[in-house]
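What follows is one structure encoded as structure tokens, with my remarks underneath.
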Protein chains: 2
Amino acid sequence: MPIERYLTIGEVAQRSGVAPSGLRYYESLGLISSERTPGNQRRYERTTLRRVAFIRTASRVGLTLDEIGEALATLPEARTPTAEDWTRLSRSWRPLLDARIAAIERLRDDLDSCIGCGCLSLERCVLQNPADRAAALGPGARYLEGDSPLDAARAAGSSTS
Amino acid sequence: MPIERYLTIGEVAQRSGVAPSGLRYYESLGLISSERTPGNQRRYERTTLRRVAFIRTASRVGLTLDEIGEALATLPEARTPTAEDWTRLSRSWRPLLDARIAAIERLRDDLDSCIGCGCLSLERCVLQNPADRAAALGPGARYLEGDSPLDAARAAGSSTS
DNA sequence: TCTTGACCTCAAGTGAGGTTGAACTTACAC
DNA sequence: GTGTAAGTTCAACCTCACTTGAGGTCAAGA
């Protein structure tokens with residue numbers, strides 16, 4: 001075991017690109033943890049850098065911090081996570097990324113066909129399917145509003161401009 | 001000119017899939033407009049449906065409502081916008097979508113190579129480039145935090161676990 | 001006429017992911 | 001041993017895209 005040199009919050013902040021306030025915020029959510037000096041200052045293990053990197057990356061991919069927390073919870077608590085452990089987690093993002101790419105491609109293609117055919121019936125071609133809508137922009141079901149395709153179709157049918 | 005049958009907010013809501021509160025919100029931002037009945041209720045032109053569809057789609061694409069407002073401001077005020085007008089606006093989304101897809105693909109591939117080579121140096125492989133990070137999740141410069149690649153590299157170089 | 005449902009305004013709340021400020025304490029280099 | 005940079009807590013604030021609630025009005029059918 002090499003000598004563990006603990007890192008201050010400022011060091012972790014600089015090296016991870018997450019502001020101290022952000023790190024405290026992550027800690028408040030239980031995503032990372034720290035020891036304290038006798039004077040109550042945080043000291044982080046080196047592995048925290050990896051953990052923070054993971055959090056940032058997952059966040060970038062569109063996971064909520066809650067979801068990331070759940071993923072992190074599957075890491076073994078007893079020992080320092082191995083490369084193996086991290087690999088398992090990262091690999092689990094693959095389908096998510098693929099799905100997200102697919103959703104955006106679909107949106108792009110829908111848009112193309114709307115533009116191509118000249119109808120530009122966004123109501124009919126694109127906005128009709130709420131499932132895609134929810135998938136396209138990532139986390140949460142923000143766009144599942146229970147709108148009615150039938151109404152949209154009627155509107156498109158009688159539309160003037 | 002066909003008879004203009006004005007739509008109530010409820011009708012627009014149903015047909016567009018945007019809640020009345022959302023439509024009022026859009027109006028407060030100047031994204032749509034309405035006439036009023038003698039009793040102060042909103043009445044919408046039919047073209048509002050298309051406008052709302054545009055807003056929703058643009059929003060889905062990842063534009064902020066501010067940006068959408070700017071786009072809408074380029075529409076001619078003098079006449080009802082034609083299919084041509086809408087096509088012009090929508091076409092401009094294409095690069096944005098392409099960029100977004102590319103960013104996520106890049107992220108996915110970076111991740112793959114990290115996993116593949118066994119280093120799993122997220123700090124080095126993935127988190128090192130802030131520009132991509134900003135692009136990946138869409139609108140705004142939310143992720144441009146001025147972090148230092150140099151620091152990240154140093155951190156990766158001396159990382160233990 | 002009455003009731004009901006749709007509409008109005010304005011202020012406040014939501015949730016995600018943090019940042020900022022005030023008031024105070026620690027750690028460390030000189 | 002002291003100055004100051006960096007740390008602490010806690011509450012409040014921020015943006016984005018809306019929704020909710022309170023308190024009140026309007027429109028239409030029975």
Side-chain angles (χ1 to χ4, degrees), chain A residues 5-32 34-44 52 55-70 133-134 136-147, chain B residues 6-32 34-44 52 54-70 133-134 136-147:
Chain A
R5 232 224 79 217
Y6 287 96
L7 302 169
T8 67
I9 196 169
E11 286 166 336
V12 175
Q14 261 212 334
R15 295 180 178 192
S16 68
V18 175
S21 60
L23 294 172
R24 291 192 197 99
Y25 178 61
Y26 288 165
E27 190 169 327
S28 78
L29 299 181
L31 298 181
I32 58 178
S34 60
E35 326 238 309
R36 298 298 179 114
T37 64
N40 198 36
Q41 299 198 350
R42 288 173 178 81
R43 286 301 180 271
Y44 294 96
V52 173
I55 294 165
R56 295 302 285 158
T57 306
S59 172
R60 181 143 82 94
V61 164
L63 299 180
T64 64
L65 294 183
D66 260 20
E67 290 168 325
I68 296 168
E70 282 170 34
R133 203 182 314 184
L137 260 194
R142 288 196 287 260
Y143 295 95
L144 290 172
E145 305 150 334
D147 37 53
Chain B
Y6 288 95
L7 302 168
T8 67
I9 196 169
E11 287 166 335
V12 175
Q14 261 213 332
R15 295 180 179 194
S16 68
V18 176
S21 60
L23 294 172
R24 292 193 197 101
Y25 177 63
Y26 288 166
E27 190 169 328
S28 78
L29 298 182
L31 298 180
I32 58 177
S34 60
E35 325 237 308
R36 297 297 179 115
T37 64
N40 199 36
Q41 298 196 352
R42 288 173 179 80
R43 287 299 180 272
Y44 294 96
V52 172
F54 178 88
I55 294 166
R56 295 301 282 158
T57 307
S59 174
R60 185 143 78 95
V61 165
L63 300 179
T64 64
L65 293 182
D66 259 19
E67 290 168 326
I68 296 168
E70 282 170 34
R133 202 182 319 186
L137 261 193
R142 288 198 287 261
Y143 296 94
L144 291 170
E145 306 151 331
D147 37 37

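Naming: A, B, ... by sequence-line order, numbering from 1 per chain. Owing to the predicted nature of the structure, the values given are computational and were not obtained by experimental measurement. Side chains are part of it too, since the values below use all heavy atoms of this structure and drop only hydrogens, waters and symmetry mates.
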N/O (side chain, Tyr26(A)) to phosphate O (OP1/OP2, dG18(C)) under 4.0 Å: yes
Nearest-neighbour nucleotide for the Arg42(B) side chain, dG17(C), dC8(C), dT8(D) considered: dC8(C)
Phosphate OP1/OP2 of dT26(C) contacted by Thr37(A) side-chain N/O (<4.0 Å): no
Ile32(B) CD1 - dA17(D) C1' separation (whole Å): 14 Å
Closest non-hydrogen atom pair, Ile68(B) against Leu31(B): C-CD2, 4.4 Å
Residue Gln41(A), side-chain atoms from C-beta onward, closest of dC7(C), dC18(D), dT26(C): dT26(C)
d(CD, Glu67(B); P, dC16(D)) in whole Å: 10 Å
Nearest-nucleotide comparison on DNA chain C, the residue closer to the 5′ end among Glu11(B) and Gly22(A): Glu11(B)
Gap between atoms CD and C1', on Glu27(A) and dT9(D) respectively (whole Å): 12 Å
Per Arg36(A) side chain, nearest of listed nucleotides dG7(D), dT9(D), dA17(D): dT9(D)
5′-ward residue of the pair Leu65(B)/Asn40(B) relative to DNA chain D: Leu65(B)
Atom-to-atom span, CD1 of Ile9(B) to C1' of dC8(C) - whole angstrom: 9 Å
Between dT19(D) (P) and Leu29(B) (CG): distance, integer Å: 12 Å
Nucleotide nearest Ser21(B) (side chain, heavy atoms from C-beta), chosen from dC26(D), dG18(C), dT20(D): dT20(D)
Reported CZ-to-OH distance for the pair Arg56(A) and Tyr26(A), which is rounded to 0.5 angstrom: 4.0 Å
Sugar-phosphate only, base, or nothing, as touched by Arg43(B) at under 4.0 Å among non-hydrogen atoms: nothing
Nearest-Å distance for atom pair OH/C1', residues Tyr44(A) and dT8(D): 11 Å
Nearest-Å distance for atom pair CD1/C1', residues Ile68(A) and dA16(C): 11 Å
Leu23(B) CG - dC7(C) P separation (whole Å): 10 Å
Residue-phosphate contact under 4.0 Å: Ser59(B) side-chain N/O, dA17(D) OP1/OP2: no
Pairwise distance CD1(Ile9(A)) to CZ(Arg24(A)) - rounded to 0.5 angstrom: 4.0 Å
Side-chain N or O of Arg24(B) closer than 4.0 Å to phosphate OP1/OP2 of dA11(C): no
Criterion salt bridge (Lys or Arg N to Asp or Glu O under 4.0 Å) against Glu11(A), the qualifying member of Arg42(A), Arg43(A), Arg5(A): Arg5(A)
CZ-CD1 distance between Arg60(A) and Ile55(A), expressed to the nearest 0.5 angstrom: 14.5 Å
